[in-house]
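Atoms within a ligand are numbered from 1 in the order they appear, just like the ligands themselves. What you see below is based on every heavy atom in this structure, not just the backbone, and it leaves out hydrogens, waters and symmetry mates. Here the structure is a predicted model, which means the values were calculated and not measured.
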Amino acid sequence: MSSDHALRFCQEDIVVSSPEVAQFGANRPCKVALAGFGTVGQSVARILCSRFAQQFCLTHVFNRRIEQKKTDWVPNHVHWTDRFEHVLNSDADVVLELVGGLDPAGEWVSRALAVGKSVVTANKQLIARRGPELMQLARENGAHLLYGASVAGGIPVLQGLQDGLAGDRILKIRGILNGTCNYILTEMERSQATFSDALEQAQAMGFAEADASDDIDGFDARAKLTILSRTAFGINVAIDQVFARSIREVEQVDLSHAHDLGCTIRQISRAELDGETLYAGVQPALVPEASPLARVSGSQNVVVSTGEFGGETIFSGRGAGGDPTAVAVVSDLLWIARQNGLNAETPSAKTPVKDVSGDFTTAHYVRFRVNDRPGIIASLANIFAKYTINIDAVLQRPGYSKSSLPFVITLEPCSAATMSEAMAEIRQLDFHVHPPLDLPILT
Ligand code: HSE
C-alpha cells in the first residue's frame with residue numbers, strides 16, 4: 001500500500017484553531033446552527049436546550065419548508081430559515097449537518113468548512129464517499145469535521161477505535177451495522193415471519209432508510225464499514241472497493257439449516273487486514289449461536305474489533321434512532337468545544353452524590369442444602385412472608401441424598417436490606433448442611 005493510502009483520518013489530525021474559532025470557549029458559549037430538523041435534529045435540539053444551555057447557544061434551525069417545522073420549545077432567539085446562506089453568513093461556530101444524502105448536504109458541508117465553520121455530521125454516505133476530501137478542506141480552513149454518529153448511531157465505536165484502542169494495531173473488524181437487516185433476520189428466526197412482513201415491521205419502527213434497498217442490499221452497512229475501516233486501519237479505502245451482498249435471498253429453510261449447524265444467519269460487515277490486502281465486505285453469513293454477533297438482536301448494532309495486542313473488544317448498543325444518534329452528535333460537539341477551551345463538562349459530573357447505597361431492589365435466587373425432614377419449605381415460607389417477600393418458584397430435582405438435599409427458591413424483587421434480615425433469620429434454622437447461597441437475579 002502506498003504512503004498516500006496510509007493516511008489516518010483521526011480527530012487529532014485536524015486540531016488547527018483559527019483565531020475566529022478560538023473566540024468561543026472561555027469567553028462565550030459555542031454558537032451552533034442546526035441543519036435538518038427531522039427526528040435526529042429535533043432530538044439534538046432538545047438535548048442542547050435542556051442539558052447544555054450554558055455551554056451552547058443554538059442560533060439557527062435550517063430546514064426545507066421551515067414554517068411547518070417551527071415548535072415552541074426551542075428558545076425564542078433561534079433563527080428559523082429555509083436558506084442555507086443564512087447559516088453560512090451567520091456567526092455560528094459549528095454547523096450540525098443532519099439532512100443526510102450526498103446532495104445538496106455535501107455542498108453545504110464543504111461550504112461551511114470553507115468559511116472555517118466546524119461541522120458535525122451523521123451523514124455516512126457523504127463521509128464514506130467524500131470523507132478524505134472534506135477532512136482536507138477542514139484542515140485547510142482551521143475547522144473540525146466530526147462524524148461519530150455516522151457509524152452505529154449512539155455507540156462510540158469510532159472514538160473507541162481512535163482513542164481508546166489507539167495503542168493497539170487493529171487487525172480485524174466484524175460487526176452488525178444495519179439494524180434493519182438484523183431486525184429482519186432475528187424476526188424471521190424468532191417468529192417465522194416472512195422476509196416482507198419483517199421488513200414492514202422494521203420500516204414501521206422508524207430506523208429503516210427511506211429506500212429499503214440501502215438497508216437490505218447492504219449499501220448502508222457498506223458506507224459504515226468503509227468509515228470504520230479507515231478509522232481502524234488508518235487506510236484510505238474507497239466505498240466502491242467494499243462489496244455488498246443482499247440478504248433478500250435468505251429463506252426460513254436457511255435459518256433452520258443454520259440452526260442444525262449450531263449457527264444463525266446475520267448480515268455481517270467485516271474487514272480484515274492481511275499484509276497489504278484489506279479484505280472487506282458486507283454479506284449474510286452463518287455465525288455460531290454463541291458468537292457476540294449472533295446474540296445482538298432486533299435493531300441493535302455490535303462491532304467486535306480484534307487487536308494484535310489487546311485481543312477482542314466489543315462495542316454494542318443502539319445503532320440507530322433519534323436519541324442515540326443525537327447523543328453521538330452532541331458528544332462530537334462537546335469534543336470540538338473542549339478543543340477551544342470551553343468548560344464543557346457534562347452537567348452530571350457536577351451533581352453532588354448524597355449517598356452511596358448497596359441496597360438494590362432485585363429478584364433473588366436462594367440455594368439451600370439441607371438435612372431433609374417435613375416442614376422445611378413451610379418454615380422458610382413463613383419467614384419470607386413475615387418480611388413480605390413473595391416466593392416466585394421452588395425448584396427441586398430428585399435423586400440427591402436426603403442428608404444433603406439441594407433445592408432453590410426464587411423470590412420476587414425486594415430490597416437487599418429486607419432480604420438480608422430475612423436471611424439472617426433463616427440461617428438460624430437447624431436443617432442447613434451448608435449456609436444458603438443468596439444471589440441477585442438481574443433482569
Ligand atoms: N437504516 C439504518 C439501520 C439506520 O437500519 O441500521 C441508520 O444508520
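Here the heavy atom of the protein found nearest to atom 4 (C) of ligand 1 is Phe207 O, 3.3 Å. Of all protein heavy atoms, the one closest to atom 5 (O) of ligand 1 is Thr180 OG1, 2.6 Å.
Numbered from 1 in the order shown, with element, the atoms of ligand 1 that lie under 4.0 Å from a heavy atom of Glu209 read 1 (N), 2 (C), 4 (C), 7 (C), 8 (O). Listed by number with element, the atoms of ligand 1 under 4.0 Å from a non-hydrogen atom of Gly179 are 3 (C), 5 (O), 6 (O). Against a heavy-atom cut-off of under 4.0 Å, Ala320 is close to the following atoms of ligand 1: 4 (C). For ligand 1, the atoms lying closer than 4.0 Å to a non-hydrogen atom of Lys124 are 7 (C), 8 (O).
In this structure, the separation between CD1 on Ile170 and CZ on Phe309 is 11.0 Å, given to the nearest 0.5 Å. Separating the OG1 atom in Thr226 from the CD atom in Gln125 is a distance of 8.5 Å, to the nearest 0.5 Å.
Contacts of Asp215 with ligand 1, taken as heavy-atom pairs under 4.0 Å, involve the side chain alone. Neither the backbone nor the side chain of Asp214 comes within 4.0 Å of ligand 1, counting heavy atoms alone.
Under the 4.0 Å criterion applied to side-chain N and carboxylate O atoms, Arg130 and Glu107 are not assigned as salt-bridge partners.
By the 30° and 60° cut-offs, the orientation of the rings of Phe207 relative to Tyr183 is perpendicular.
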Audit row: Thr71, Trp80, side chain to side chain contact (heavy atoms under 4.5 Å, CB included) steps and yes/no: CA-CA 10 Å; Thr71 59; Trp80 298 85; 3.9 Å; yes
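The closest side-chain donor-acceptor pair between Ser213 and Asp217 falls under 3.5 angstrom.
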